[in-house]
Amino acid sequence: QVQLEESGGDLVQPGGSLRLSCAASGFTFSMKAMSWYRQAPGKERELVASIGSTGANPTYVASVKGRFAISRDNNRNTLYLQMNSLKLEDTATYYCNAAIFAGIKGSWGKGTQVTVSS
């Protein structure tokens with residue numbers, strides 16, 4: 001079955017950096033476009049960044065452009081999100097998933113908490 005395990009979240013000051021990781025298993029990771037999502041308390045899940053199966057065509061929500069970088073290592077079945085210049089509004093639980101699994105509730109991992117606090 002699909003298993004996604006996010007890690008790397010932490011408490012960080014505004015302007016700081018974090019690198020999130022997503023370990024994937026249970027599917028052919030290298031054949032799937034992958035995305036990072038985030039959800040703040042009381043808010044809907046938001047798509048943050050996506051990347052093609054080979055690492056091509058990374059895309060970002062406007063609010064993180066120039067600050068975040070999505071990447072992947074298909075040999076390790078791992079997705080990454082480098083987050084720089086963090087802002088208070090980046091505070092959320094961050095999740096990874098493949099687009100084809102995003103509509104399946106049971107496919108989501110537990111996420112990793114990012115808290116940006118001044």
Side-chain angles (χ1 to χ4, degrees):
Q1 62 180 313
V2 173
Q3 184 173 333
L4 300 163
E5 185 172 351
E6 301 89 349
S7 62
D10 206 349
L11 172 66
V12 65
Q13 294 180 252
S17 297
L18 287 172
R19 190 193 195 204
L20 307 184
S21 296
C22 168
S25 62
F27 65 100
T28 307
F29 177 82
S30 63
M31 297 292 289
K32 302 294 187 294
M34 295 292 296
S35 298
W36 283 99
Y37 304 80
R38 66 188 180 188
Q39 187 168 27
K43 303 294 184 180
E44 293 185 5
R45 183 182 64 220
E46 175 189 29
L47 177 64
V48 176
S50 296
I51 191 168
S53 62
T54 66
N57 193 35
T59 60
Y60 305 90
V61 67
S63 60
V64 309
K65 286 182 179 178
R67 300 190 297 117
F68 290 12
I70 188 171
S71 62
R72 65 193 297 159
D73 186 340
N74 285 347
N75 292 323
R76 297 177 181 269
N77 285 1
T78 303
L79 182 73
Y80 302 99
L81 185 67
Q82 178 66 47
M83 305 187 296
N84 299 323
S85 302
L86 283 161
K87 301 177 178 180
L88 297 180
E89 54 262 44
D90 295 320
T91 296
T93 302
Y94 284 71
Y95 302 87
C96 64
N97 214 336
I100 59 169
F101 302 139
I104 304 172
K105 183 171 292 187
S107 71
W108 297 91
K110 295 179 180 179
T112 186
Q113 179 66 40
V114 173
T115 302
V116 185
S117 180
S118 178

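Keep in mind that the numbers below use all heavy atoms, side chains included, and drop hydrogens, waters and symmetry copies. Throughout, residue positions are numbered sequentially from 1 according to the sequence presented.
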TODO: Mind running side chain to side chain contact (heavy atoms under 4.5 Å, CB included) on Glu46 and Ser63 for me, showing each step along the way?
DONE: CA-CA 11 Å; Glu46 175 189 29; Ser63 60; 4.3 Å; yes
Smallest heavy-atom separation, Tyr60 atom then Ala69 atom, equals OH-CA, 3.3 Å
Heavy-atom closest pair (Asn97 atom, Ser107 atom, distance to 0.1 Å) is ND2-OG, 3.0 Å
field: Cluster check Met31, Leu4: I/L/V/M/F/W/Y, side chain < 4.5 angstrom
entry: no
So if you build clusters from Ile, Leu, Val, Met, Phe, Trp, Tyr with side-chain heavy-atom gaps below 4.5 Å, do Val48 and Val114 land together?
yes
What one should report as the nearest heavy-atom pair of Leu79 and Ser71 is CD1-O, 3.3 Å
**Request:** For the residue pair Ser25 and Asn77, confirm or rule out a side-chain donor-acceptor distance under 3.5 Å.
**Result:** no
Closest heavy-atom pair, Asn74 versus Ser53, reported as atoms and distance to 0.1 Å, is ND2-O, 2.8 Å
Does the Glu5 side chain pair with the main chain of Gly109, one donor and one acceptor, at a distance under 3.5 Å? no
Grouping ILVMFWY residues whenever side-chain heavy atoms fall under 4.5 Å, the cluster of Leu47 otherwise contains Tyr37, Tyr95, Trp108
CG of Asp10 to CZ of Arg19, rounded to nearest 0.5 Å, is 15.0 Å
Exercise. State yes or no: do Ile70 and Phe68 share one hydrophobic cluster built from I, L, V, M, F, W and Y residues joined by side-chain heavy-atom distances below 4.5 Å, directly or via other members?
Key: yes
Sorted by chain and number, sequence neighbours left out, ring-ring contact (aromatic ring centres under 6.0 Å, His included) with Phe29 holds for none
When every non-hydrogen atom of Gln82 is compared with those of Ser17, the smallest separation belongs to NE2-CB, 4.0 Å
Rounding to 0.5 Å, atoms CD (Gln13) and OG (Ser118) come to a distance of 7.5 Å
Phe27 meets the ring-ring contact (aromatic ring centres under 6.0 Å, His included) criterion, sequence neighbours left out, with Phe101
d(Cys22 SG, Met34 CE) to nearest 0.5 Å is 4.5 Å
Distance col, row Leu20:CG vs Ser7:OG, nearest 0.5 angstrom, shows 8.0 Å
Paired with Arg38, the side-chain contact (heavy atoms from CB on, under 4.5 Å) test is passed by just one of Thr93, Thr91, Asp90, namely Asp90
Review point. Mind checking whether Tyr94 and Val116 sit in one hydrophobic cluster, side chains of I, L, V, M, F, W, Y counted as touching below 4.5 Å?
Key: yes
Here the gap from Glu44 atom CD to Gln39 atom CD, rounded to the nearest 0.5 Å, amounts to 8.5 Å
Of all heavy-atom pairs linking Gly55 and Arg72, the shortest is N-CD, 3.8 Å
- Item | ILVMFWY network linking Leu11 to Leu81, side-chain heavy atoms under 4.5 angstrom | no
